[in-house]
Amino acid sequence: MDSYELMEAKLQKLVPASLSDVAQCELETQIDELTGVNHFGSIDKREYLKQWGAVAALLTVLVALSSAAFLVDGYEPNGQVVNDSAFEKNAAFTVLNAVNRMEAVKEDGVIYPDDGGVPYFRYRYEVSNDYRVLDEQTGTVITVRQPSYEVVTIPQKVF
Amino acid sequence: MDFRSQRSLRKQAARCSSEWKGWIRANGARLYSYARQRSSNREDAEDMVQDALIRLWHYQEERGNVAPDLPLAYSVLRFVAMDHGRKLGRKKRKEEAVIYFHDQSELWLDTSTEDDEEAEMLRSAVNQLGEKLREVVTLKVWGALTFAQIGESMAISPNTAASRYRYALEQLEQKLETLKAERYG
């Protein structure tokens, strides 16, 4: 081992001081703020079910309205008399497909509020929520397309 | 925002956060060691590392938010250290009556249990090296960089980095001999 390697070996035995635990925690907290991971929080499953409930209600209304047209006109394709109980039978349907498509993303950059509040990054998402459901009673496939426009803001720590 | 979109974004943020946290756990000590060599106390060094992390994040935003490589991290940390030094200089000029104590005692891990006098003398010798030589030694021995990466980080050629490193080792050997002679006669 030459003198350089000897000196290197001696240096490698020295251990420089490291970050304190407090500093390490602060860095990890900083990372969470930068990534915005705490911004989204936990999603309430009831909100999710509410959305499906709203879609189900909408579809039921649509189906009911289309069935009501038969009653008003007195028309029934197969010639049978339609009675009120047909509404309950037509209320059952199966979800075939549910797709959320991100149509576009726009980054607005850092926004400095006029009221002097904390600045934030703003992203705008154009989302299209498509649902296809099957009415098992009649074989009707219904597609519901619901466009929405979502804004995400990520607060920035000011230095 | 509906459930699915929010869940997707949340997963993305969590993945990014996890990657960067893993990176800082693996490299935080090295970055701190480098920053500490260029600052007068622990608090300033830790502030510099945090400042560098934020700058690296914003720089990597245009590159898919992937964790940065080490040479880039050291480069950014060097600029942060220079900025910090400039601010400190301005502050000192405004506060001439204040005495700043440069605490060198916690540059290294607790050594009270070590009996090796040579290690103590070697630490002293490293602290006395010139800035450019000490920087190369820090990056090579404790910074996990190759000469090519050191060159990239310090904006010098790999050959210059290697030359400085060899010269630094020679200086350390001479200083060590001198300290031993002074202590033991």
* To do: Could you pull out all residues at least two apart from B/Glu135 that satisfy salt bridge (Lys or Arg N to Asp or Glu O under 4.0 Å)?
  => B/Arg38, B/Arg78

* To do: Please list, chain by chain and in numerical order, all residues satisfying salt bridge (Lys or Arg N to Asp or Glu O under 4.0 Å) with B/Arg25, sequence neighbours excluded.
  => A/Glu28

* Where on B/Leu176 is there a heavy atom nearer than 4.5 Å to chain A: the side chain, the backbone, both, or neither? -> side chain

* Relative to chain A, which of B/Thr138, B/Leu31, B/Leu53 shows the most heavy atom pairs under 4.5 Å? -> B/Leu53

* **Residues which pass ring-ring contact (aromatic ring centres under 6.0 Å, His included) with B/Trp57, listed by chain and number, not counting sequence neighbours** => B/Trp20

* Locate the shortest heavy-atom distance separating A/Ser18 from B/Ala29; write the atom from each residue and the value. => OG-CB, 3.3 Å

* Candidates B/Arg55, B/Glu61, B/Arg63, B/Glu62 - the one meeting side-chain hydrogen bond (donor to acceptor under 3.5 Å, both in side chains) with B/Tyr59 -> B/Arg63

* Asked: Can you name the residues of residues 165-173 of chain B that have some heavy atom under 4.5 Å away from a heavy atom in chain A?
  -> B/Tyr165, B/Arg166, B/Leu169, B/Glu170, B/Leu172, B/Glu173

* Between CH2 of B/Trp142 and CZ of B/Arg30, what distance do you get to the nearest 0.5 Å? -> 13.0 Å

* A/Glu33 portion near chain B, given a 4.5 angstrom heavy-atom threshold -> neither

* Using the side-chain contact (heavy atoms from CB on, under 4.5 Å) rule, pick out the option among A/Leu27, A/Asp32, A/Thr35 that qualifies with B/Lys21. => A/Asp32

